[in-house]
Amino acid sequence: MKVLVIGSGAREHAIVRALSLDPALDAVVAAPGNPGIEAVALCEPLPGGVTDVDGILEVARRHEVGLVVVGPEAPLVDGVADAVRAAGIPCFGPSAAAARLEGSKAYAKEVMSAADVPTAMAHVCTSEAELADALDALGAPHVVKDDGLAAGKGVVVTDDRAEALAHGLACLAKDDGRVVVEEFLDGPEVSLFCLCDGETVVPLTPAQDFKRIGDGDTGPNTGGMGAYSPLDWAPDGLVDDVVARISQPVVDEMARRGAPFVGVLYVGLALTRRGPRVIEFNVRFGDPETQVVLDRLRTPLAQVLLAAAEGRLAQAEPLRWSDEHAVTVVVAADGYPGTPRTGDPLDGLDAVPGDPDAYVLHAGTARDADGVLVSAGGRVLSVVARGADLAQARERVYAAVDAVRLDGAQHRLDIAEKAQRGEVTVPA
Ligand code: AMP
Ligand code: GLY
């Protein structure tokens with residue numbers, strides 16, 4: 001079988017890497033891919049970008065792929081998975097109807113309420129007066145979210161009411177702008193990816209992401225600056241509890257609504273003193289958590305994704321995981337998460353030891369006219385390392401990050417540091 005992966009980030013590089021380790025696959029094709037993915041898979045251009053349905057179908061048919069895996073949310077929200085399935089090709093990714101769980105935070109709240117899933121109390125606002133009332137009703141810290149897709153940057157969490165109001169007004173100013181004001185959830189965050197086939201839920205291993213640009217969780221939110229797995233501090237039974245109270249009820253509710261969920265349900269949680277609460281759902285693998293989760297997966301990836309796409313997860317073998325610890329650190333361009341500077345040469349990648357101990361996954365990279373590898377986006381690379389414990393994995397990942405040369409680059413120095421020191425605690 002051949003597998004086609006849609007996307008061009010480090011998440012897709014991690015997916016392609018995991019697929020390419022599977023000797024049972026004939027080939028892995030990526031569209032559009034990136035210069036790092038090109039080293040392990042055949043890359044096909046997508047002139048219309050990742051939402052170019054006709055381009056995707058053309059590549060899938062030409063390579064006679066047996067499975068399409070859609071990485072990013074935008075094509076899913078746009079109905080790419082519907083089109084691939086309609087063409088008779090198995091697709092790992094939800095329909096446009098099911099992708100609304102990520103495409104609209106207000107819709108996600110409605111589904112959670114119907115399925116009795118624990119989440120933050122929220123007010124959906126469409127006017128300045130409603131916004132102001134909601135900020136006062138819920139109080140500080142204020143959590144203000146753009147209702148629609150915003151690449152992880154639509155959320156402001158602040159004690160400053162003026163800043164919260166300004167962000168809310170900016171969201172309202174968009175066409176059909178809606179803003180969600182939420183109760184602040186206090187507790188460590190966990191990302192749990194659940195493979196779903198419309199009925200059955202198979203959880204992957206949990207990971208923790210670092211959303212803020214700066215050390216100590218300071219500065220603006222980003223798409224994610226680093227991640228690690230496993231979470232030794234997580235309460236016993238966390239995964240089973242989340243599946244029973246959150247993922248399975250949501251999958252059941254989506255099936256009841258005639259929008260069965262096939263793909264990854266990404267459950268973003270806060271572990272509060274009152275138990276796990278949903279912060280957000282995404283309908284695809286998370287970036288950068290996928291980099292560490294798939295690093296530890298020992299079961300061949302293609303067979304589980306195909307089982308999900310074909311509604312056979314209930315019969316799938318239990319997943320096998322490495323006991324080792326994996327850490328990823330994102331190297332971002334100058335200016336990120338604002339407007340990143342691009343076109344800077346990237347050097348030192350040869351000095352990274354390589355898979356499996358420490359390796360580089362590409363995100364915003366490109367080759368310039370002379371074939372030189374240059375930065376081409378906000379998050380440029382995701383460096384991954386594993387070790388017998390977090391200390392060893394962190395040492396390896398930071399040694400590799402230090403080898404990489406990119407003018408103006410930024411990265412966090414404290415990825416997985418608190419966990420290594422045993423300082424992550426769930427409020428009692
Ligand atoms: P989201 O895009 O909804 O994942 O939000 C981005 C980040 O904002 C999350 O990872 C959290 O760090 C933070 N956040 C979002 N909602 C809340 C909340 N209700 N309480 C506390 N922090 C939140
Ligand atoms: N790591 C956060 C996300 O993928 O949305």
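Sequential numbering from 1 along the given sequence is applied to the chain's residues. Remember, it's 1-based here, ligands and their atoms both numbered in the order they're listed.
- Taking any N or O of D287, backbone or side chain, at least one lies under 3.5 Å from an N or O belonging to ligand 2.
- Shown here for D209 and G224, the closest heavy-atom pair between the two residues is OD1-CA, 3.6 Å.
- Heavy-atom contacts of G286 reach the following atoms of ligand 2: 4 (O) (cutoff under 4.0 Å).
- Ligand 2 has at least one atom lying under 4.0 Å from a heavy atom of G223.
- Listed by number with element, the atoms of ligand 1 under 4.0 Å from a non-hydrogen atom of E189 are 9 (C), 10 (O), 11 (C), 12 (O).
- Contact atoms of ligand 2 toward D209: 1 (N), 2 (C) (distance under 4.0 Å to a heavy atom of the residue).
- Interface atoms of ligand 2 facing Y266, defined by a heavy-atom separation under 4.0 Å, are 1 (N), 2 (C), 3 (C), 4 (O).
- The residue F285 has no part lying near ligand 2, judged by heavy-atom distances below 4.0 Å.
- Near K211, meaning under 4.0 Å from one of its heavy atoms, ligand 2 places the atoms 2 (C).
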Practice task
Evaluate the side-chain hydrogen bond (donor to acceptor under 3.5 Å, both in side chains) criterion for residues Y336 and Q410: first the C-alpha distance (whole Å), next the side-chain angles of each, then the deciding distance (0.1 Å), finally the verdict.
Solution key: CA-CA 8 Å; Y336 182 76; Q410 356 170 27; over 6 Å; no
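- For E183, every heavy-atom contact with ligand 1 shorter than 4.0 Å involves the backbone, none the side chain.
- Interface of N221 with ligand 1, defined as ligand atoms under 4.0 Å from a residue heavy atom, comprises 7 (C), 8 (O).
- Minimum interatomic distance between P35 and L373 (heavy atoms only, all atoms of both residues): CB-CD1, 3.7 Å.
- Atoms of ligand 2 lying under 4.0 Å from at least one heavy atom of E289, given by number and element, are 1 (N), 2 (C).
- Cation-pi contact between R284 and Y266: present, with separation from the ring centre below 6.0 Å and deviation from the ring axis of at most 45°.
- When only modelled atom types and interatomic distance are considered, S229 and R296 share a side-chain donor-acceptor pair under 3.5 Å.
- Heavy-atom proximity to N282, at under 4.0 Å, picks out these atoms of ligand 2: 5 (O).
- Below 3.5 Å of separation, one finds no N or O of R11 facing any N or O of ligand 2.
- Between the side chains of T126 and E130, at least one donor-acceptor pair of N or O atoms lies under 3.5 Å.
- Ligand-side atoms of ligand 1 in range of K145: 3 (O), 15 (C), 16 (N), range being under 4.0 angstrom from any heavy atom.
- Between the side chains of N34 and E38, no donor-acceptor pair of N or O atoms lies under 3.5 Å.
- A cation-pi arrangement is present between R100 and Y107 under the rule of less than 6.0 angstrom and at most 45 degrees off the ring axis.
- Judged by the shortest distance from any of its heavy atoms, R277 lies outside the 4.0 Å radius around the atoms of ligand 1.
- Taking any N or O of V155, backbone or side chain, none lies under 3.5 Å from an N or O belonging to ligand 1.
- Shortest non-hydrogen contact noted between T328 and I415 is O-CG2, 3.6 Å.
- Within the set E182, K211, E280, the minimum heavy-atom distance to atom 4 (O) of ligand 1 is found for E280.
- Heavy atoms of L185 found under 4.0 angstrom from ligand 1 belong to the backbone as well as the side chain.
- Closest heavy-atom approach to atom 14 (N) of ligand 1 among the candidates V144, V157, T222, T272: V157.
- For the 3.5 Å distance criterion, the side chains of K109 and T119 qualify, holding a donor opposite an acceptor.
- For R284, every heavy-atom contact with ligand 2 shorter than 4.0 Å involves the side chain, none the backbone.
- Taking the six-membered ring where tryptophan is involved, the planes of Y398 and H411 are tilted, since the angle between them lies from 30° to 60°.
- When all heavy atoms of A134 and H123 are compared, the pair lying nearest together is CB-CB, 3.8 Å.
- Those atoms of ligand 1 that come under 4.0 Å of a heavy atom in F184, given as number and element, are 20 (N), 21 (C).
- The closest side-chain donor-acceptor pair between Q291 and R11, if any, does not fall under 3.5 angstrom.
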